[in-house]
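For reference, the structure discussed in these notes is given below.
Treat the numbers as computed from the prediction; the structure is a model and nothing was measured.
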There are 2 protein chains.
Amino acid sequence: MANIQQIAQKAGVSVATVSRVLNNATSVTPQTRHKVEIAIKELKYEPSMLGRNLRNSESRLLLVLLPSISNPFYNEIINGIQNTAIAKNYNILLCETDSKPERENIYFNMVKNKLADGVISMDPTVNMQKLNELAENHPVILCSEYEEGGSIPYITVDSELAAYQAVKHLIKLGNERIALINSDEKFLYARLRRAGYERALKEFNLPIRDEWIYHTKDLEFEHGVQAMRMLLQSEEKPTAVFAVSDTLAIGALKAINGGGDTPNPIAVVGFDNISFSSMTNPTLTTISQPMFKMGSLAADMLMNSIKGDRVESIVLDHELIIRESTMG
Amino acid sequence: MANIQQIAQKAGVSVATVSRVLNNATSVTPQTRHKVEIAIKELKYEPSMLGRNLRNSESRLLLVLLPSISNPFYNEIINGIQNTAIAKNYNILLCETDSKPERENIYFNMVKNKLADGVISMDPTVNMQKLNELAENHPVILCSEYEEGGSIPYITVDSELAAYQAVKHLIKLGNERIALINSDEKFLYARLRRAGYERALKEFNLPIRDEWIYHTKDLEFEHGVQAMRMLLQSEEKPTAVFAVSDTLAIGALKAINGGGDTPNPIAVVGFDNISFSSMTNPTLTTISQPMFKMGSLAADMLMNSIKGDRVESIVLDHELIIRESTMG
DNA sequence: AATCAACATGTAATCGATTACATTTAGTGA
DNA sequence: TCACTAAATGTAATCGATTACATGTTGATT
């Protein structure tokens with residue numbers, strides 16, 4: 001692979017001139033430019049990002065940290081990030097941590113080592129202490145999951161309010177025994193959604209029973225199935241369920257359908273409005289987050305932060321999407 | 001951020017010695033090593049990958065190209081790749097091309113520019129000419145989708161045979177009017193799966209009718225729904241459907257259920273065995289590919305190729321998973 | 001023709017590491 | 001104590017770009 005020296009030699013100019021042509025910066029004669037361009041074509045030259053980045057201390061690469069791409073929730077967010085980043089000549093790299101700290105470290109190092117200019121973390125399992133350390137010297141944005149009272153800018157929705165509205169919807173439909181399928185409450189969103197759930201129940205003087213609150217290990221379908229099976233075995237069966245993720249809700253639907261006999265069907269509300277949620281039978285009532293917009297704004301925030309601007313956190317609006325799973 | 005010079009100065013040694021400590025290479029006195037390590041800790045030094053990579057011409061980063069992470073099919077493959085890569089001290093970067101050539105270019109350049117050591121492409125929409133060009137000078141492996149008679153090593157399953165078996169399964173169940181929901185036949189896998197479909201039909205003297213072959217734009221659920229709606233409008237309705245992807249098959253199931261009246265249910269077979277396929281109602285009969293293994297082997301092939309070894313293409317075994325969607 | 005501005009181009013330092021080769025130091029035996 | 005060897009450390013070139021500064025060239029003005 002040719003380097004800038006060889007181009008300079010071939011074109012009979014200095015490396016500085018070649019660099020000028022590449023960055024179409026200051027004055028270069030059309031003739032000289034032409035000579036250089038010819039040389040570049042003939043030698044199929046491609047400038048080395050390593051040399052360039054080393055000198056410039058920038059890579060125009062953004063890291064996007066996520067625990068696992070298997071949750072479709074991230075799809076649209078990523079699209080939003082990518083669209084906005086590309087428009088400003090940045091590129092993104094998706095980094096799946098699989099919730100493993102070692103992997104996290106590797107990606108953090110990429111930033112410290114100038115291989116990437118900043119990070120958008122969507123990983124609720126991220127080691128917050130390390131991320132905060134990183135954020136002291138490098139641009140970091142939190143997307144969706146965030147740290148209450150922390151110093152890293154974030155973009156998210158109001159999980160407590162959304163959960164409250166979801167549960168209120170179930171109450172308005174006449175349900176009095178409402179279960180919660182939650183994930184691990186070490187995650188902020190899980191605590192907030194539980195708080196919203198409890199607020200709605202309290203407001204209507206409905207019982208909050210531990211028996212009706214199930215915590216799953218992660219957000220895979222199977223855990224939704226398991227959770228629902230457990231709930232169906234409680235002494236007083238719940239008549240409705242709020243799950244903190246569509247994936248869990250879909251698992252719950254499966255368990256309900258699979259039960260065979262459905263004397264009085266159980267209403268289900270999910271969270272995220274993943275594309276699959278309109279493919280289930282029944283289709284799933286859920287909370288929709290403006291995912292594309294969230295990603296897009298997160299990218300803007302990060303690029304502004306890289307520029308050196310101060311950025312403010314943002315809370316976006318959500319929406320309750322009513323579908324068949326709460327229509328009896 | 002400190003650099004190697006500052007460490008050397010602080011520790012009272014030369015940069016060479018610091019480098020030796022970092023790479024725990026040739027002889028360094030325990031005392032000297034200690035001094036350097038102290039300095040590294042005090043200044044919170046992290047070596048720059050840029051400097052290192054520029055000099056070494058390696059990044060220990062692997063690129064994984066995929067059209068979109070929204071197809072869950074890729075999940076397990078990526079896990080396989082990642083597991084194997086990490087074991088050998090390589091890291092992976094997921095690159096979503098969204099089937100857009102501009103993005104592809106960016107990622108190809110990362111390889112040309114030594115920002116990554118090689119590529120695993122799972123993108124059927126990739127520009128093969130460009131990829132072949134890249135492969136002349138850089139390690140490239142194709143995973144799942146490949147080029148017949150091409151020179152780039154690949155790992156895949158026998159799509160033609162799998163499709164043949166899927167359709168044969170439908171025939172054995174007594175179906176005589178079998179539709180195909182295919183994606184664009186510019187993709188090799190689409191052509192192969194169609195060939196398998198036709199081989200099975202011919203073998204049993206069943207009609208191949210254009211009316212029963214639908215081509216979708218992409219693999220989103222919605223297109224499966226659309227396809228099935230069209231098929232249900234044909235003069236002679238098919239009694240069974242083979243879809244070349246689970247996502248399409250799930251869409252088809254949705255269209256069938258959504259039709260309300262199901263006089264004689266339509267059997268459906270998908271392809272890929274994504275995790276959703278056991279969550280649908282009915283659960284989906286499908287072809288299972290050994291995805292984790294495929295990813296793992298692909299990573300091995302790529303790392304061997306980087307080492308300079310010749311690598312051979314691999315065809316893995318698949319399996320027909322029979323579930324409710326073909327059980328009447 | 002001399003002067004000078006404006007523009008084009010070249011020279012060489014620089015980014016942060018690695019490493020071949022040179023040099024110093026320590027240790028051994030006579 | 002001296003010579004010699006092996007181990008430890010240092011010096012400086014190198015990877016491939018960018019860019020401040022120096023130099024050269026051109027043409028206009030007087």
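Summarising the geometry, the separation between CD on B:Q31 and P on D:dA7 is reported as 16 Å, rounded to the nearest angstrom. Put simply, CD on A:E46 is 11 Å from P on D:dA17, counting in whole angstrom units. Note: CG (B:L115) to P (D:dA17) measures 13 Å, nearest angstrom. Distance, B:R33 CZ to D:dA8 C1': 12 Å, rounded to whole Å. Rounded to whole Å, the distance from CG on A:L43 to C1' on D:dG16 is 15 Å. Taking atom CG of A:N53 as the reference point, atom P of D:dC15 lies 19 Å away to the nearest angstrom. Atom-to-atom, CD of A:Q5 to C1' of C:dA12 comes out at 12 Å; the value is rounded to the nearest Å. Whole-Å rounding puts the B:K114 NZ to C:dA17 C1' distance at 16 Å.
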Where do N or O atoms of nucleotides 18-22 of chain C meet protein N or O atoms at under 3.5 Å, pair by pair?
unit_1, atom_1, unit_2, atom_2, d
C:dT18, OP1, B:N23, OD1, 3.3
C:dT18, OP1, B:N23, ND2, 3.0
C:dT18, OP1, B:R52, NE, 2.9
C:dT18, OP1, B:R52, NH2, 3.2
C:dT18, OP2, B:S19, OG, 2.5
C:dT18, OP2, B:N23, ND2, 3.4
C:dT18, O5', B:S19, OG, 3.4
C:dT18, O3', B:N56, OD1, 3.3
C:dT18, O2, B:R55, NH1, 2.5

Between the protein and nucleotides 25-27 of chain C, which nitrogen or oxygen pairs are less than 3.5 angstrom apart?
none

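Summarising the local packing, NZ of B:K112 is surrounded by more than 12 heavy atoms from other residues, nucleotides or ligands at distances under 6.0 Å. Within a 6.0 Å radius of NZ in B:K35, other residues, nucleotides and ligands contribute more than 12 heavy atoms. In A:E46, the CD atom is crowded: over 12 heavy atoms of neighbouring residues, nucleotides or ligands sit closer than 6.0 Å.
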Please walk me through it: do A:S183 and A:Y189 pass side chain to side chain donor-acceptor pair (under 3.5 Å)? CA-CA 9 Å; A:S183 66; A:Y189 78 88; 2.9 Å; yes

A:E37/A:R33 under salt bridge (charged side-chain N to carboxylate O under 4.0 Å, His left out): CA gap, chis, key distance, verdict: CA-CA 6 Å; A:E37 279 164 352; A:R33 155 162 275 118; 3.8 Å; yes

Salt bridge (charged side-chain N to carboxylate O under 4.0 Å, His left out), that's the test. Do B:D98 and B:R103 meet it? Break it down for me. CA-CA 8 Å; B:D98 223 358; B:R103 301 206 182 164; 3.7 Å; yes

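Contact annotation: A:T29 does not reach the phosphate of C:dC7 (side-chain N/O to OP1 or OP2, under 4.0 Å).
By the 4.0 Å N-to-carboxylate-O rule, B:E104 lies too far from B:K130 to be salt-bridged with it. No salt bridge links B:E58 with B:K114; every basic N to acidic carboxylate O contact stays at or beyond 4.0 Å.
When atom types are taken as modelled, the side chain of B:T84 and the backbone of B:G80 share a donor-acceptor pair closer than 3.5 angstrom.
Residue A:T32 is in sugar-phosphate contact alone, with no base atom involved, counting any heavy-atom pair closer than 4.0 Å across all strands shown.
For B:L54 and B:V13, each mapped to the nucleotide of DNA chain D holding its nearest heavy atom, the one lying further toward the 5' end belongs to B:V13.
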